[in-house]
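What follows is one structure encoded as structure tokens, with my remarks underneath.
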Amino acid sequence: MPFQFSLESVLRLREEAVERAKDQLAVEMVQMNQAQQQVDEVNARIEQAREAFRESMSNGTDSGLVVQLRQFMVSLESERENRQMTLEGYQARVEACRKALLSARRKLDTIESIRVRRLKEYEYKERQKAQKQLDELVVQGVGNGMEMRCA
């Protein structure tokens with residue numbers, strides 16, 4: 001009789017849970033990376049705006065342009081704050097997905113260790129049965145007057 005693991009369906013469910021957790025983590029990481037790129041883009045635009053502001057201040061540009069550049073920088077700062085909050089949200093979701101994956105992996109590892117232990121027990125019992133049958137054959141052989149020769 002071949003080995004049958006009574007918790008095979010639980011093992012499959014746990015494997016599926018790990019795969020779903022991996023997939024969800026991948027989706028969240030892609031979104032987090034996109035949010036990080038958006039923050040980086042805004043930071044680059046802010047740096048360009050600061051450089052333009054410094055140049056216009058050093059060149060003595062009219063105050064109207066300086067005010068517009070300052071307002072533009074303020075709007076970019078606001079945009080950066082919004083994008084940074086979005087990024088932080090994705091970072092929190094990625095961390096939650098990592099924890100969920102770790103939890104699912106631990107549950108799977110537990111079931112797999114039970115399976116390994118039961119398989120070893122099964123194999124041990126099978127070896128014991130085989131040894132018992134061999135011992136019985138030897139005893140029967142000796143009881144029938146057969147001579148056993150060992151090489």
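In this chain, numbering begins with 1 at the start of the sequence shown.
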Q | Test log, rule side chain to side chain donor-acceptor pair (under 3.5 Å), inputs D135 and Q131 | A | CA-CA 6 Å; D135 291 347; Q131 186 63 47; 2.9 Å; yes
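- Atom CD of E136 is surrounded by more than 12 heavy atoms from other residues, nucleotides or ligands within 6.0 Å.
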Q: Tell me, with the steps shown, if E19 and K22 meet salt bridge (charged side-chain N to carboxylate O under 4.0 Å, His left out).
A: CA-CA 5 Å; E19 289 306 311; K22 285 179 184 177; 3.5 Å; yes
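- Residues passing the side chain to side chain donor-acceptor pair (under 3.5 Å) test with Q24, sequence neighbours excluded: E28.
- Every side chain to side chain donor-acceptor pair (under 3.5 Å) that N43 has, sequence neighbours left out, goes to R80.
- Cluster note: M85 groups with no other residue, as no ILVMFWY side-chain heavy atom lies under 4.5 Å from it.
- Using a 4.5 Å heavy-atom cutoff, the side chains of Y124 and E121 are not in contact.
- With sequence neighbours excluded, the residues forming a salt bridge (charged side-chain N to carboxylate O under 4.0 Å, His left out) with E79 are R45, R83, listed by chain and number.
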Sequence neighbours left out, cut at 3.5 Å: what donor-acceptor pairs do the side chains of residues 46-53 make with other protein atoms?
unit_1 : atom_1 : unit_2 : atom_2 : d
R50    : NH2    : E77    : OE2    : 3.0
E51    : OE1    : R54    : NH1    : 2.9

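- Listed by chain and number, the residues in a salt bridge (charged side-chain N to carboxylate O under 4.0 Å, His left out) with R12 are E8, E15 (sequence neighbours excluded).
- Considering CZ of R105 and CZ of R14, their distance stands at 12.0 Å, rounded to 0.5 Å.
- The distance from atom CZ of R20 to atom SG of C97, rounded to the nearest 0.5 Å, is 13.0 Å.
- With S78 contributing its side chain and V74 its backbone, the two residues share no donor-acceptor pair below 3.5 Å.
- Take F72 and apply the ring-ring contact (aromatic ring centres under 6.0 Å, His included) test, not counting sequence neighbours, and it matches no residue.
- Take K129 and apply the salt bridge (charged side-chain N to carboxylate O under 4.0 Å, His left out) test, not counting sequence neighbours, and it matches E126.
- Counting only residues at least two apart or on different chains, no ring-ring contact (aromatic ring centres under 6.0 Å, His included) pair has a member in residues 10-38.
- Between the S103 side chain and the K99 main chain, no donor and acceptor come within less than 3.5 Å of each other.
- Every residue two or more places apart in sequence or in another chain was checked for a salt bridge (charged side-chain N to carboxylate O under 4.0 Å, His left out) with E41, and none qualifies.
- Side-chain contact check for V67 versus Q71: some heavy-atom pair is nearer than 4.5 Å.
- Checked against side chain to side chain donor-acceptor pair (under 3.5 Å), Q36 has the following partners two or more places apart in sequence or in another chain: D40.
- Using modelled atom types and a 3.5 Å distance limit, the side chains of S6 and R118 yield a donor-acceptor pair.
- Applying the under-4.5 Å side-chain rule to Ile, Leu, Val, Met, Phe, Trp and Tyr, the cluster around Y90 extends to F3, F5, L7, V10, L11, V18, L25, M29, M32, V39, L87, V94, L101, L108, I111, I114, L119, Y122.
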